[in-house]
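Residue numbering restarts at 1 for every chain, and letters A, B, ... go by the order of the sequence lines. Heavy-atom basis, side chains included; hydrogens, waters and symmetry copies ignored. Fair warning: this is a prediction, and the values are worked out from it, not measured in the lab.
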Amino acid sequence: MAKSNDPRTEPELPDGYYLDNFNSLLDTVCRLYNDLLTPEELAFYSSFKDLPDDAARLYVRLISRVGPGFRVQRLVYADISDVDQAVQDLLDSKFLASEDRLTPGEMNRLFRKDEIASAFGGLIPDLPRNIRKSELVEHVVGLDLTEVQLLECVTSDSSDVVVSPLHTEVLLVLRLLFFGNAYQNLTEFVLNDLGVMRYFPYQLDKEHRLFPDRASLEEYLALLQCRDQYDLAMESDDRAAVCALARDLAQGHKDSRIATRWYRLNTRLARQLERWQEFELALDLYAVTVAHPARERSARIHYQCGNFVSAGDMCDVISSAPICEAEKDFALRFRPRIQRKLKIPVDAVAPDCFAEQRLSLQHHEGGVEAAMVAHYNSGGTSAFFVENGLINGLFGLAFWQQIFASIPGAFVNPFQIRPLDMNSPEFYQRRRVVVEQRMEELRETGLQELKNVYIELHGYSNAWVNWGLLTKSLLDLAIARIPYEHLEMIWRRILFDPAANRSGLPDLVLFPSAGSYRLLEVKGPGDSLQDNQKRWLRFFQEHSVPAEVAYVDWQ
DNA sequence: CTGTGAATGG
DNA sequence: TTCACACAATCGA
DNA sequence: GATTGTGTGTCTCCATTCACAGCG
Ligand SMILES: [Mn+2]
Ligand SMILES: [Mn+2]
């Protein structure tokens, strides 16, 4: 594939590209997961392959769009000569269903306001002229028609037909098996072919399947269903449904391959239960959730309920084996409050004392950070508003090959911007040897090497590198001014917990004309340091990395 | 008439 | 599949 | 000061079309 740096030359996609993409997905899944598919899913595969070309094209068009229903008269595609024939073929082969009813929501989505007004206006007395569409639909709902009558009435003028694609549950399975997640879809192919996204050519692992058996696939489907149930229940304020789901989830998930995803859902749900004062249920859920902040929330619930001993016990459990630094910090800060309640000696925690400066600046539209950048730039110091972008970018460049190294199970689809285990604690352990080698190499030969990486790999998608922010001139300055030893210490902290430590880095990096560098967190009026920002500042203090906080107010 | 936002296709 | 950050409101020590 | 909830920009792009709402 020829690559061009000229942004004006957009590659042209071949006729029927979207069907090709879908077929490619379909073939890949059937090749890799043939033994996992149900008879129904296999039947989908073979009958899809039997469809006439136009019908297959139309089906793929529709499943890529917002549904579920579509008006046949509105379907116009230049590359499908006879849409009506394609619709008929899809109806005959059970890839489309012709709807005989319409929910108010679907009517609202599929029909224009004037169409609805002319269909039902005669039935609604004193209909205000300037009524909003949603209110008009409410009036129609007030007519108490059946959904069948709704469809009949609203299509009586145009005699249009509403159809919906079938087998959407099979499509979800296919997507899940191909991508390994439920959020990526066919547009990935298009964005890749257009050059909008450029994925690094890592080696796909065909030996290790993400889903070794049907059960692991079913578990993922169950997770998705629980998520949907929760979202649905929250939308309709159905507290009983949320509680029922919580009791279900509180059964726990032993030997789950997707435990961390369950934990995220548990936490989201339990937080909501806390807001509803459903403390016992929340505690049950937190008890089966082995992820931060489950134990922190448990301690807070105990405290709030007056169970100070239980709260203290929970803090002790945390301190004896903290899951992460945030959890460890929490126990330290929270324990004194409990001890005061219990009237026992208090383990006071020393307050932070970071280097700081205070100054007043002219009001600036870009906020305090931009005002500080302008302030320094006018004084001869190069300043960049980078937040996490600089350090993470340097990390991504430094360890590019290690991040994209072929590790069993790390890459399961062609459209990944990070290995699947990037956020797990084992990321470093699995790559320890090569990561240490890389550090030794950089320590010996210097950071200049990163310029080569930058030029060679510029534009490839990497979860750590924001190419728009990390300009060449910023990189050059950073390499020239930041000692390798500082960066290595910082990278080790990132490697220690990549998920948590990729954030909280200071707003600005400063490069004074006289040399050296400095990191600066800017705080405007009413703003204060966040916990993760404090942890980085403590780390910088400990390792003599120049960093300080600037408290700014407006002149 | 204009501005806005969702949807769409590439 | 969001996340990371700032900002605002509220509360208790 | 601590905690909690909310808003904002951004997220992997961009041109085009459509429907709607509010205004004069
Ligand atoms: Mn910031
Ligand atoms: Mn800041």
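Residue Ser503(A) is in sugar-phosphate contact alone, with no base atom involved, counting any heavy-atom pair closer than 4.0 Å across all strands shown. Residue-level contact check: Arg297(A) touches the backbone only, with heavy atoms under 4.0 Å from sugar-phosphate atoms and none from bases. Nucleic acid contact class of Tyr77(A) (heavy atoms, under 4.0 Å, all strands): sugar-phosphate only. No engagement by Asn130(A) is indicated, since no non-hydrogen atom pair under 4.0 Å with the nucleic acid exists. Using a 4.0 Å heavy-atom distance criterion, Asn532(A) is classed as a sugar-phosphate-only contact. Counting non-hydrogen atoms under 4.0 angstrom, Gly195(A) reaches nothing in the nucleic acid. Nucleic acid contact for Leu191(A): base, since at least one base atom lies under 4.0 Å from a heavy atom of the residue. Residue Val190(A) is classed as a base contact, given a heavy-atom separation below 4.0 Å to a base. Using a 4.0 Å heavy-atom cutoff across all strands shown, Arg264(A) reaches sugar-phosphate atoms only and no base atom.
Taking CG of Asp193(A) as the reference point, atom CD of Glu12(A) lies at 13.0 Å (rounded to 0.5 Å). Note that CD1 of Ile403(A) is 7.0 Å distant from CH2 of Trp464(A), once rounded to the nearest 0.5 Å.
In this structure, of dG10(B), dT4(D), dG9(B), it is dG10(B) that holds the atom nearest to the side chain of Leu194(A). When distances are taken from the side chain of Tyr17(A) to each of dT1(C), dA4(C), dG10(B), the shortest belongs to dG10(B). Checking dA19(D), dG10(B), dT4(D) against the side-chain heavy atoms of Arg61(A) singles out dG10(B) as nearest. Nearest nucleotide to the side chain of Lys113(A), out of dA21(D), dA19(D), dT2(C): dA21(D). Picking from dA21(D), dG10(B), dC5(C) the nucleotide with the shortest atom distance to the side chain of Lys133(A) gives dA21(D). Listed nucleotides: dT3(D), dG9(B), dA21(D). Nearest to the side chain of Arg132(A): dA21(D).
Protein atom OH of Tyr183(A) is 11 Å distant from nucleotide atom P of dT12(D), rounded to whole Å. Look at CZ on Phe385(A): it is 9 Å from C1' on dC5(C), rounded to the nearest Å. One can place CD1 of Ile131(A) at 14 Å from C1' of dC20(D), the figure rounded to the nearest angstrom. Protein atom CZ of Phe189(A) is 17 Å distant from nucleotide atom C1' of dG9(B), rounded to whole Å. The CG-C1' distance, from Asn108(A) to dA6(B), rounds to 13 Å in whole Å. Atom CD of Glu188(A) is separated from atom P of dT1(C) by 15 Å (rounded to the nearest Å). Atom OH of Tyr199(A) and atom C1' of dT12(D) are 6 Å apart (whole Å). Rounding to whole angstrom units, CG of residue Asn21(A) and C1' of dG9(B) are separated by 13 Å.
Positionally, the nearest nucleotide of DNA chain D for Arg333(A) lies more toward the 5' end than for the other of Ile417(A) and Arg333(A). Of the residues near DNA chain C, Gly504(A) and Arg418(A), the one whose nearest nucleotide (by heavy atom distance) lies more toward the 5' end is Arg418(A).
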Distances for protein N or O near nucleotides 6-10 of chain C N or O, under 3.5 Å:
from   : atom 1 : to        : atom 2 : distance (Å)
dA6(C) : OP1    : Glu521(A) : OE2    : 3.1
dA6(C) : OP2    : Lys523(A) : NZ     : 2.9
dA6(C) : OP2    : Gln530(A) : NE2    : 3.0
dA6(C) : OP2    : Gln533(A) : NE2    : 3.0

Heteroatom pairs (N/O) under 3.5 angstrom, protein to nucleotides 11-13 of chain C:
from    : atom 1 : to        : atom 2 : distance (Å)
dA13(C) : OP1    : Lys341(A) : NZ     : 3.1

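For the pair Arg493(A) and Phe539(A), the cation-pi criterion (under 6.0 Å, within 45° of the ring axis) is fulfilled.
Scanning both residues, Leu249(A) and Trp262(A), for their nearest heavy atoms gives CD2-CZ3, 3.6 Å. The heavy-atom pair separating Leu332(A) from Val349(A) by the smallest distance is O-CG1, 4.1 Å.
The side chain of Arg271(A) places an N or O atom within less than 4.0 Å of a non-bridging phosphate oxygen (OP1 or OP2) of dG5(D). At dT12(D), none of the side-chain N or O atoms of Asn466(A) fall inside 4.0 Å of OP1 or OP2 (strictly under the cut-off). Proximity of Arg275(A) to the phosphate of dT4(D): no side-chain N or O atom is located under 4.0 Å from OP1 or OP2.
The shortest side-chain heavy-atom distance between Pro104(A) and Val140(A) does not fall under the 4.5 Å cut-off. Inter-residue side-chain proximity for Asn413(A) and Glu188(A) is flagged as unmet; no heavy-atom pair is nearer than 4.5 Å.
A centroid separation of 6.0 Å or more is found between the aromatic rings of Phe189(A) and Tyr18(A).
Across all strands shown, dT2(C) forms no Watson-Crick or G-U wobble pair with both distances under 3.5 Å. Nucleotide dA7(B) forms a pair with dT16(D), judged by Watson-Crick or G-U wobble geometry with both contacts under 3.5 Å.
Inspection of the Glu115(A) and Ser158(A) side chains reveals no N or O donor paired with an N or O acceptor under 3.5 Å. Neither side chain, Asp228(A) nor Gln225(A), offers a donor N or O lying under 3.5 Å from an acceptor on the other. Defined by atom type and a distance below 3.5 Å, a donor-acceptor pair is missing between the side-chain atoms of Tyr220(A) and Arg257(A). A donor atom on one side chain and an acceptor atom on the other are not found under 3.5 Å apart for Thr155(A) and Arg71(A).
Nucleotides dG9(D) and dT4(B) place their P atoms 14 Å apart, quoted to the nearest Å. Between dT8(B) and dG7(D), the distance separating the two C1' atoms is 29 Å to the nearest Å. Remark: the separation of the C1' atoms in dA15(D) and dT1(C) is 25 Å, to the nearest Å. Only the P atoms considered, dT2(C) is 23 Å distant from dC14(D), to the nearest whole Å.
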